[in-house]
Peer 1: 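Handing you this structure, nothing more for now.
Everything quoted here is computed from the prediction, not taken from an experiment. For reference, positions follow the sequence shown, starting with 1. These numbers come from the heavy atoms of this one structure, side chains and all, not from hydrogens, waters or symmetry mates.
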Amino acid sequence: MLAVSRLVFLALLMVTSGTAWAVTLESLLADMTDSAEVRVQEAEQERLAIEHQYRIEERGWSVFGGADVGHFRELQPDGNRDDYTGFGASVGLRYPLLGTLDERERAVNDARLALTEKTYETRLRRSTQRFQLRQSYTDWWHAQAVTQWCEPWRTIAREELASARERARQQALRTSELKWLEQSWDRVTRSCGRSEQYQSQLRERTARLAGAALSVLDQPQRPELTRHPAPLVQWTDALNSHPAVIARLQSMETAARNRDHHWSDRVDSSFTIAQRLDRRTDTAGTGSGLVAGVTFEVPLAALTGPDPGSPDSARYRAARERHRAELDQWRGYLADNLLRYREALDEVSEAVDQLTLARRLTLERRQRLSVDSEAGYMAMRTARIEEAEAHLNLYRAWRGASQERAGLLQVAEHSDNQADLLGSETVTWPTGGGDARESTDPIKAVYVWDSRSLLGEAGPRKLHLRALANNGFNRLYLGLDSDQVTRPSELLKPLEALISEAQSQGIRVDLLLGDPLWLTDEHRADLMVLIQRLSILPFAGLHLDLEVEQLGWPVPEQRLQQWLRTVGEATEVSPWPVTLVSHHRWFSDTADPITCVPCQLPDIGVREVSLMIYTTRTGRSVELMDRSQQLWPRLTFRLVQSVEAALPDSQSWHGQTTKTLSDVEQSLVSEGIHNIEWQDWRNHPAYPGQTGD
């Protein structure tokens, strides 16, 4: 296209930073490094595992031994006394019985329970870290998104205030109105300043929680919101799967297995078998003996006093109450969280409605500027402020809902049916400017890449508009060069004059933008900044000419995905309805890419597509148009024909008269093709100065 070289230069002008990389929350969660707090729990878990092994070893047979020495004076039956020094040693095995065995079994169970509880506590701490990461990522996205949004709006604020102050200086604006405008724009710019101030801190906090390195070029993505979370009654399995609840359940089940009370519980007893060796100084040789025995010990009060009950039964009752309390606590937390999330979704919905209305109001007041004149000046200024504040309210509402959703995920992520609990229907970020299909009248459009003759002096402008109207055009796509877009405020008055005169001729004016570099991740943000910068201009729509083929053939799958991403982001920031022009190959039945472009366009806010079918065989054009409409009924198509001199005669109507082109149009209309566009005005025979009549 003629504007490609100009807009490439524009893109180079607007690129002031390095390549931005999208960082998704899912990737940060997947690669999250455990925090110091989680690592402490893991170390404690390792210690408890060793202690558990020790308790297992203490439960069975144990080896004991000993040695003794002493000087003895033994009295004999005959009254004599033997004096000697004796040495002895013994070694044997001991096995616990009765209450001793139960106590050691209980120690094993307690150690196992402590290890299990620590395992779930580690999971809980890791879940808490994930929750904090989700909230921090949301804060980072909010600060980043508002900062990017503020970039063109600061320029708008300066231009609005400069215009208002000049009017006030000329006494065409009340002092109170000027003060109100200054305070309102100051409120907007303060929000921008806060976002910029905290942006780096939030990025660093997110990086710390994720254990990842994030640079100033990394860009967070807007968090997803789901519309219909499941009611509380359906969260029972998820609550029972929560690590804090499971830890309490394990404690209760362990206590339940040991709660039976036996008479032997307080009897400390063991079985021993030992080999003893003895030697005396007054006798040659060594004595020995094999000894087996049972010992027991029981408190006297246990035999004579009242039975106080089993500590294990009391332990079970306490564990049961702790489990119930933990479950009730998380159920209450979840119930409150669900309520707050639904309220937050309502706020998002209200913010979307507010933004849609504000955009519509701005568009209508912009279109009436030429009619309302001085009376509409303050109304237009008010609409701009309301639109800016509506944007900020939407960002805040989305952030609040995302943080509440992070709370729900603290429970849902431990369930096997997380998607069902959170819902599958997502909340759609509002696309620009309302529905593009505002009229059911047939469209006859023309591409005007060089707009200087229409935005210049009144004489040439009237001449071109008269020629357009006389040839039945009711829509023109107006391109801007790199010099024009750097000073949008200077275009405001000539564009208002053009639109006013075009409307009187029944012609609608849409903004035409086209540069294939905007498809790439490196330059996509340039298009968004440009759209927001030009949003002060009173166009009726935005027509995007983003031809993926111009970046090289064959087109890789990744470029199709970039195409959709670019168009989707453009519809989000555009204050006007967005339409698209494309080569017909991507909308035919011969295209078989993995990424289905026409399938996804309606979901990202584009429902009208102009198909470039460059052929002078009208039957072929009709065939391809019909086939595309059958394949993609959710889209409305327009036929683009060429009169460009650079194309061969089989693809372009260049050199034909206006009478011939009118006959072509009538032929297409008779075949059901009512929406026809011509590429471009400079080569059209109706262009003033051409000799095509």
Side-chain angles (χ1 to χ4, degrees), residues 146-147 149-196 350-397 432-434 455 458 484-504 509 511 531-540 573-576:
V146 170
T147 298
W149 174 87
C150 286
E151 184 175 343
W153 279 87
R154 276 201 176 93
T155 302
I156 293 171
R158 286 194 299 268
E159 293 171 348
E160 290 279 304
L161 289 175
S163 173
R165 286 164 182 157
E166 178 61 23
R167 281 184 169 252
R169 190 184 65 81
Q170 298 174 359
Q171 297 184 346
L173 190 69
R174 295 186 181 92
T175 302
S176 59
E177 292 175 327
L178 175 61
K179 292 296 182 184
W180 182 85
L181 289 172
E182 289 176 336
Q183 291 176 2
S184 299
W185 283 117
D186 181 62
R187 186 167 56 248
V188 171
T189 53
R190 281 203 308 270
S191 296
C192 294
R194 285 193 297 269
S195 297
E196 289 182 347
E350 292 172 2
V352 170
D353 291 343
Q354 179 189 10
L355 177 58
T356 303
L357 180 60
R359 281 173 165 173
R360 185 64 187 175
L361 185 61
T362 302
L363 181 62
E364 290 178 353
R365 288 181 175 174
R366 186 186 293 127
Q367 292 171 342
R368 288 189 58 85
L369 278 177
S370 58
V371 178
D372 294 340
S373 187
E374 293 297 321
Y377 178 83
M378 193 61 189
M380 182 63 197
R381 308 285 76 76
T382 303
R384 294 299 281 166
I385 290 173
E386 290 176 350
E387 183 182 352
E389 292 180 336
H391 275 282
L392 292 173
N393 288 339
L394 177 58
Y395 283 118
R396 281 192 290 266
L455 294 175
Q484 288 172 315
V485 299
T486 58
R487 296 187 297 272
S489 59
E490 295 181 8
L491 291 176
L492 188 57
K493 287 188 177 180
L495 189 58
E496 289 173 354
L498 169 63
I499 290 176
S500 175
E501 294 176 23
Q503 286 177 341
S504 67
V509 182
L511 173 62
I531 291 173
Q532 290 178 317
R533 184 174 180 82
L534 298 178
S535 63
I536 64 172
L537 301 177
F539 289 105
V573 302
S574 171
W576 317 287

Peer 1: Using the ring of each side chain (for Trp, its six-membered ring), is Trp153 parallel, tilted or perpendicular to His391, with breaks at 30° and 60°?
Peer 2: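 Tilted, since the angle between the ring planes falls between 30° and 60°.
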Peer 1: How many angstroms lie between CG in Leu357 and CD in Glu387, if you round to the nearest 0.5 Å?
Peer 2: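 The distance works out to 11.0 Å.
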Peer 1: Please identify each residue that fulfils salt bridge (Lys or Arg N to Asp or Glu O under 4.0 Å) with Glu166, with sequence neighbours left out.
Peer 2: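 Partners of Glu166 under the salt bridge (Lys or Arg N to Asp or Glu O under 4.0 Å) test: Arg169.
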Peer 1: Measure the CD1-CG distance between Ile531 and Leu511 for me, rounded to the nearest 0.5 Å.
Peer 2: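 Rounded to the nearest 0.5 Å, the CD1-CG separation comes out at 8.0 Å.
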Peer 1: Check whether more than 12 heavy atoms from other residues, nucleotides or ligands sit under 6.0 Å from atom CD of Gln170, and answer yes or no.
Peer 2: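 More than 12 within 6.0 Å, yes.
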Peer 1: What donor-acceptor contacts under 3.5 angstrom involve side-chain atoms of residues 185-193, with partners at least two apart or in another chain?
Peer 2:
unit_1: Asp186; atom_1: OD2; unit_2: Arg190; atom_2: NH1; d: 2.2
unit_1: Arg187; atom_1: NE; unit_2: Glu389; atom_2: OE2; d: 3.0
unit_1: Arg187; atom_1: NH2; unit_2: Glu389; atom_2: OE2; d: 2.6
unit_1: Thr189; atom_1: OG1; unit_2: Trp185; atom_2: O; d: 3.0
unit_1: Thr189; atom_1: OG1; unit_2: Asp186; atom_2: O; d: 3.0
unit_1: Ser191; atom_1: OG; unit_2: Arg187; atom_2: O; d: 3.3
unit_1: Ser191; atom_1: OG; unit_2: Arg194; atom_2: NH2; d: 3.2

Peer 1: Please find the pair of heavy atoms, one from Trp576 and one from Phe539, that lie closest to each other, and give the distance.
Peer 2: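 Scanning both residues, the minimum pair turns out to be CD1-O, 3.1 Å.
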Peer 1: Verify, without hydrogens or angle tests, whether Ser500 (side chain) and Glu496 (backbone) share a donor-acceptor contact under 3.5 angstrom.
Peer 2: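 A pair under 3.5 Å: no.
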Peer 1: When rounded to the nearest 0.5 angstrom, what is the spacing between CD1 in Ile385 and CG in Leu181?
Peer 2: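 Those atoms lie 4.5 Å apart.
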Peer 1: Does Tyr377 offer a backbone N or O that forms a donor-acceptor pair with the side chain of Arg381 under 3.5 Å?
Peer 2: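 Yes; at least one donor-acceptor contact below 3.5 Å.
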Peer 1: Evaluate the side-chain proximity of Met378 to Trp180: yes if any heavy-atom separation is below 4.5 Å, no if none is.
Peer 2: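 Trp180 reaches Met378 side chain to side chain.
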Peer 1: Rounded to the nearest 0.5 Å, what separates atom OG1 in Thr382 from atom CD in Glu177?
Peer 2: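 Atom-to-atom, Thr382:OG1 and Glu177:CD are 8.0 Å apart.
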Peer 1: Do NZ/NE/NH1/NH2 and the carboxylate oxygens of Glu159 and Arg384 come within less than 4.0 Å?
Peer 2: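 Arg384 and Glu159: not salt-bridged.
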Peer 1: First locate atom CG of Leu537, then atom CG of Leu498, and finally report the distance between them rounded to the nearest 0.5 Å.
Peer 2: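 Output value for this atom pair is 11.5 Å.
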Peer 1: What distance separates Glu386 CD from Leu355 CG, expressed to the nearest 0.5 Å?
Peer 2: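 Here the interatomic distance stands at 12.0 Å.
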Peer 1: Give a yes or no on this: more than 12 heavy atoms of other residues, nucleotides or ligands lie within 6.0 Å of atom CZ of Arg174.
Peer 2: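 It does not: Arg174 CZ has 12 such atoms or fewer within range.
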